[in-house]
Amino acid sequence: MKYKKIVVLTGAGISAESGLNTFRDMNGLWNNHSIEDVASLKGFSQNPHLVWKFYSMRRREAGSAIPNAAHHAITASLATLSDRGSSCLLITQNVDTLHERCQNKNMRFGNFGDPKCIAFCALHGSLNASDCVKFGAVFTDRNSYFDDDGNADVKNIEGLFQSEKYPELGINLVATSDGLPLSPCCNSLLRPHIVWFGETPFGVRECGRALYGCDLFVSIGTSGTVYPASNFVSYARDGRALTVCINPEPPANASHFQMHIHGKATEAVPNFFEKFAF
Ligand code: BJW
């Protein structure tokens, strides 16, 4: 086995061929609002309707997308490498849950350090959950609260939230009359379970530890512009890993990589794992 400790990082580009826009495709703008306006706590505090309209649209788009050949190749390759004794970590900046949907009965994602599985970290959160703004309780929630025209869309809302902490509890949905979802625990607003600018990403400490100790780091479909993910390549290099970048164009942090594969994810990723990683 060539590589014993492997870390793969993905960004929006891996889901482009599943039909989901990258942030660069959106030109950093959504409906004349900057991404920072809809992806910050300040933006949410100033205009929760705007933010929920944006994430309702994102939930609908991600819900109808399906994983592509690149998502499947990563899962299958890391599962094989893990079966053969390598320790593997998949970190995604994406919130679209397409990696998670590649799990099957032979291969499930696990936590950091779980033996015989692929460790998985959704660094920037997930579109499939919401948080209570007051207590931080996390609820499974795939609802789209506003339709394409920006109107409150309460008729299709699932009437039940599930708390990951208390899965046995069925909790009835409450929403304000103008469509904003309220937390089942205390009636405060719910917010999307997303890491916004200025907030601490999930699992950074564990990711850092894995990056310093890895011998292969592969970055796929990310522009290398958003910290801390943009620095992961440097952590891996400090630990003397081979660093590989798969992207159609050089990302902002290109100079930190030793190997560049220029191409689209659905072609370049399966090729890379087939020819190089085993
Ligand atoms: C293809 C392809 C194909 C196309 N195949 N590829 C100044 C002020 C305030 C803050 C900062 C500041 N300077 C730095 C900061 C920190 C800030 C930051 O980095 N800001 C920069 C914009 C400057 N970062 C943070 O605030 C982060 N938190 C933080 O730093 O906390 C402190 C801390 C750190 C560590 C430990 C403890 C504490 C939080 C960042 C949260 C980012 N959130 C977002 C939005 C939420 C998610 C959502 O709504 O979806 O996450 S921003 C957005 O960017 C999203 C993405 O996950 C992220 C990365 O984007 P990505 O994936 O790279 O997409 P694109 O579009 O940029 O690139 C796509 C690439 O694909 C391109 O290269 C294409 O070529 C390629 N591509 N088609 C393969 N077919």
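Just the heavy atoms: all of them, side chains too, but no hydrogens, waters or symmetry mates, feed the values below. Order of appearance sets the numbers: ligands from 1, and atoms from 1 within every ligand. Residues: numbered from 1 along the sequence shown.
- Nearest residue to atom 72 (C) of ligand 1 from Asn247, Val226, Leu9 is Asn247 (criterion: closest heavy atom).
- In summary, the atoms of ligand 1 found under 4.0 Å from a heavy atom of Ala265, numbered by their order in the structure, are 3 (C), 5 (N), 79 (C).
- The protein heavy-atom contact nearest to atom 6 (N) of ligand 1 is Pro248 CD, 3.1 Å.
- His71 and His99 have perpendicular rings, their planes meeting at more than 60° on a 0 to 90° scale where under 30° would count as parallel.
- The shortest contact between atom 49 (O) of ligand 1 and any protein heavy atom is with Tyr55 OH, 2.7 Å.
- Of the listed options Gly13, Gly11, Gly203, Gly13 places a heavy atom closest to atom 2 (C) of ligand 1.
- The shortest N or O to N or O distance between Val195 and ligand 1 is below 3.5 Å.
- The protein heavy atom nearest to atom 62 (O) of ligand 1 is Ala12 N, 2.8 Å.
- Proximity to Gly198 (heavy-atom distance under 4.0 Å) selects the following atoms of ligand 1: 25 (C), 26 (O).
- For the pairing with Lys5, the side-chain contact (heavy atoms from CB on, under 4.5 Å) check across Asp215, Leu216, Leu89, Leu211 returns one residue only, Asp215.
- Ligand 1 has Arg58 within reach: a non-hydrogen atom of the residue lies less than 4.0 Å from it.
- When hydrogens are left out, the protein atom nearest atom 80 (N) of ligand 1 is Glu17 OE2, 2.9 Å; that is the closest non-hydrogen contact.
- Close approach of ligand 1 to Glu249 (heavy-atom distance below 4.0 Å) involves ligand atoms 75 (O).
- Nearest protein neighbour of atom 56 (C) of ligand 1, counting heavy atoms only, is Phe23 CE1, 3.4 Å.
- Put simply, the residue from Ser45, Ser130, Pro48, Cys132 that forms a side-chain contact (heavy atoms from CB on, under 4.5 Å) with Leu189 is Pro48.
- Closest to atom 51 (O) of ligand 1, if we only count protein heavy atoms, is His124 ND1, 3.2 Å.
- Proximity of atom 15 (C) of ligand 1 to the protein is not indicated, since no non-hydrogen protein atom lies closer than 4.0 angstrom.
- Scanning the protein for heavy atoms near atom 52 (S) of ligand 1, the closest one is Phe197 CZ, 3.4 Å.
- If you look at Ser223 next to ligand 1, the close heavy atoms, those under 4.0 Å, come from the backbone and the side chain alike.
- If you number the atoms of ligand 1 from 1 as listed, the ones under 4.0 Å from a heavy atom of Thr200 come out as 37 (C), 38 (C).
- With a 4.0 Å cut-off on non-hydrogen atoms, Val204 touches ligand 1 through its side chain and not its backbone.
- In Val95, the part holding a heavy atom less than 4.0 Å from any atom of ligand 1 is the side chain.
- Ser77 places no side-chain N or O within donor-acceptor distance of the main-chain N or O of Ile74, the cut-off being under 3.5 Å.
- In this comparison of Pro192, Gly221, Cys207, Pro201, the heavy atom closest to atom 70 (C) of ligand 1 sits on Gly221.
- Distance alone, capped at 3.5 Å, is enough to place a donor-acceptor pair between the Asn68 side chain and the Ile14 backbone.
- Less than 4.0 angstrom separates some heavy atom of Tyr227 from each of these atoms of ligand 1: 18 (C), 19 (O), 24 (N), 25 (C), 27 (C), 30 (O), 34 (C), 40 (C).
- The only member of Asn143, Asp96, Asp141 that meets side chain to side chain donor-acceptor pair (under 3.5 Å) when paired with Arg59 is Asp141.
- The distance from ligand 1 to the heavy atoms of Glu199 drops below 4.0 Å at these ligand atoms: 27 (C), 28 (N), 29 (C), 31 (O), 39 (C).
- The aromatic rings of Phe109 and Phe120 sit parallel to each other, their planes meeting at less than 30°, with 60° as the upper class boundary.
- Between Phe257 and His260, the angle of the ring planes goes over 60°, which puts this pair in the perpendicular group of the 30/60° scheme.
- The contact set between ligand 1 and Lys264, taken as ligand atoms under 4.0 Å from a residue heavy atom, comprises 5 (N), 80 (N).
- By the definition of a contact as any protein heavy atom under 4.0 Å away, atom 27 (C) of ligand 1 is in contact.
- Counting protein heavy atoms only, atom 23 (C) of ligand 1 is closest to Thr225 O, 4.2 Å.
- Under a cut-off of 6.0 angstrom, the local environment of CD in Glu199 is crowded, with over 12 non-hydrogen atoms contributed by other residues, nucleotides or ligands.
- Members clustered with Leu98: Leu20, by chain and number, using a 4.5 Å side-chain heavy-atom cutoff among hydrophobic residues.
- Contacts between Gln93 and ligand 1, counted as non-hydrogen atom pairs separated by less than 4.0 Å, involve both the backbone and the side chain.
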Would you sort out whether Thr97 and Ser126 count as a side chain to side chain donor-acceptor pair (under 3.5 Å), showing the intermediate values? CA-CA 7 Å; Thr97 73; Ser126 164; 5.9 Å; no
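- Counting the atoms of ligand 1 from 1 in the order shown, those under 4.0 Å from a heavy atom of Arg24 are 66 (O), 73 (O).
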